[in-house]
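Read through the structure below, which is laid out as structure tokens, and then see the notes.
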Amino acid sequence: MNKTFDEANELIDNLVTELEKTELDRNTRLIVCPPFPYLEMASDMAEESYFLVGAQDVSTEEQGAYTGEVSAAMLQSMELDYCIVGHSERRQYHNESDDMVAKKVDQLLNHDIHPIVCCGERLDEREANEQFDVVHRQIEHGLFHLSADQFKQLVIAYEPVWAIGTGKTATPDQAQEIHAFIRNLIAEKYGKAVADDISILYGGSCKPSNAKEIFSKPDVDGGLIGGACLKAEDFMAIAKSF
């Protein structure tokens, strides 16, 4: 929840400028997920650039008397490609459960939008060595009701909650450990081919100074970028770290 309309317009315009003078790896997908009021602006600007647009959340419901909510059908009508669900801040501040995440994933898939599904442990859970149990539960309860074909449409984002906005960062080895664990869970459920094809992103104080080392790990396929995306130059520096 950052930037006024004019500030958001300037940020995305700066991103477009940076993209015009930058050659990214051909396999790199750059996705911008602005607040709801700026989605149309971002989509219009994306038409003349090289990034995709997604939303930050979606309703569990199809339509109806849910004032303030935004449905998957609404997002689909704007031709959005992606939507984040299950972000740690939604889980923490809005009491979103794994069951709610599952409903949101279903809504998005029913409307041909790729869910970016977040999972990760809090500091107390990490200190109690419960990170594997937490991530296992979130993925199993939120996603394992899907068919293999549906699961292929997902992007997974591991975000150690204790490293979001704190300046702390999981070490590259810690990130790799959890990412490999997630990929193994997927392989056990859906097979190695599906697991190998899923993008698993790291989110947790990822910035230009540490992105290259984190992204060098074999099971880290990219980043879910928070504060560092508020400057186009920093966002592009991270995108060029592959």
Side-chain angles (χ1 to χ4, degrees), residues 24-31 33 52 54 58 72 81-88 91 97-121 125-126 129-161 163 169-204 206 210-225 238-239 241-242:
L24 296 177
D25 182 281
R26 63 185 180 85
N27 292 318
T28 299
R29 281 174 291 170
L30 198 65
I31 306 166
C33 298
L52 302 168
V58 70
D81 301 287
Y82 293 88
C83 180
I84 300 169
V85 294
H87 192 280
S88 61
R91 294 178 187 263
S97 65
D98 296 330
D99 287 341
M100 291 177 68
V101 171
K103 290 179 180 179
K104 292 184 177 190
V105 167
D106 290 346
Q107 286 289 335
L108 293 171
L109 292 176
N110 288 341
H111 291 277
D112 300 318
I113 298 171
H114 298 284
I116 302 173
V117 186
C118 301
C119 61
E121 78 282 1
E125 293 166 335
R126 164 68 69 162
N129 200 34
E130 296 173 351
Q131 62 269 25
F132 299 108
D133 293 335
V134 171
V135 170
H136 190 170
R137 185 200 73 233
Q138 290 172 341
I139 290 178
E140 182 175 30
H141 292 179
L143 302 177
F144 277 0
H145 64 290
L146 301 173
S147 69
D149 285 341
Q150 289 175 316
F151 201 92
K152 291 176 184 178
Q153 304 304 311
L154 306 182
V155 175
I156 306 293
Y158 167 64
E159 41 169 15
V161 182
T169 309
T171 67
D173 288 339
Q174 285 175 322
Q176 167 59 22
E177 182 180 43
I178 295 289
H179 280 236
F181 175 75
I182 293 170
R183 206 176 299 279
N184 286 335
L185 285 179
I186 298 168
E188 290 172 3
K189 176 69 176 180
Y190 296 106
K192 187 175 185 298
V194 173
D196 288 347
D197 198 44
I198 289 288
S199 290
I200 306 177
L201 313 180
Y202 171 78
C206 187
N210 61 25
K212 191 172 188 66
E213 187 177 8
I214 293 172
F215 296 163
S216 70
K217 295 300 180 180
D219 287 297
V220 179
D221 301 314
L224 182 70
I225 312 304
I238 294 171
S241 296
F242 291 96

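Here, residue 1 is the first one in the sequence, and each next residue gets the next number.
The side-chain heavy atoms of Val155 and Ile31, taken from C-beta on, include no pair separated by under 4.5 Å. Within the 4.5 Å cutoff, the side chain of Arg126 has heavy atoms near those of the Gln174 side chain. In this structure, the side chains of Glu130 and Glu121 stay at 4.5 Å or more apart for every pair of heavy atoms. Residues His145 and Asp106 form a side-chain contact, since some pair of their non-hydrogen atoms from C-beta on lies under 4.5 Å apart. For the pair Leu224/Tyr158, no side-chain contact is recorded, criterion being any heavy-atom separation below 4.5 Å from C-beta on. Annotation: side chain of Leu146 is not in contact with side chain of Gln153 (no heavy-atom distance under 4.5 Å).
Heavy atoms from other residues, nucleotides or ligands lying under 6.0 Å from NZ of Lys103 number 12 at most. The 12-atom threshold is exceeded at CD of Glu140, counting heavy atoms of other residues, nucleotides or ligands nearer than 6.0 Å.
The main-chain N or O of Ile198 is found under 3.5 Å from a side-chain atom of Arg183 such that the two form a donor-acceptor pair. In this structure, the side chain of Glu159 engages the main chain of Ser88 through a donor-acceptor pair within 3.5 Å. Judged purely by atom type and a 3.5 angstrom limit, Gln138 uses its side chain to pair as donor or acceptor with the backbone of Gly120. Not one N or O on the side chain of Asp98 forms a donor-acceptor pair closer than 3.5 Å with the backbone of Gly142.
A distance of 6.0 Å separates CD1 of Ile139 from CD1 of Ile186, quoted to the nearest 0.5 Å. In this structure, the separation between CG on Leu185 and CZ on Phe132 is 10.0 Å, given to the nearest 0.5 Å. Remark: Arg91 CZ to Cys118 SG distance equals 7.5 Å, nearest 0.5 Å. With rounding to the nearest 0.5 Å, the separation of CD in Glu177 from OG1 in Thr171 is 8.5 Å. Rounding to the nearest 0.5 angstrom, the gap separating the CD1 atom in Ile84 from the CG atom in Leu108 is 11.0 Å. Atom CG of Asp197 sits about 11.5 Å away from atom CG of Leu154, to the nearest 0.5 Å.
Considering all non-hydrogen atoms of both residues, Ile113 and Cys83 come closest at CG2-N, 3.9 Å. Considering all non-hydrogen atoms of both residues, Ala170 and Ala175 come closest at CB-N, 4.4 Å. Scanning both residues, Thr28 and Ala239, for their nearest heavy atoms gives CG2-O, 4.3 Å. Phe242 and Gly222 make their closest contact through CZ-CA, 3.4 Å (heavy atoms, listed as atom of the first residue, atom of the second, distance). Nearest heavy atom pair, residue Val101 against residue Gly86, reads CG2-CA, 3.7 Å. Contact detail for Val58 and Lys104: the closest heavy-atom pair is O-CE, 2.9 Å.
Asp219 and Gln176 are linked by a side-chain donor-acceptor pair at a separation below 3.5 angstrom, with hydrogens and angles left out of the test.
Ring orientation note: the planes of Tyr202 and His179 are tilted relative to one another, at an angle of 30° to 60°.
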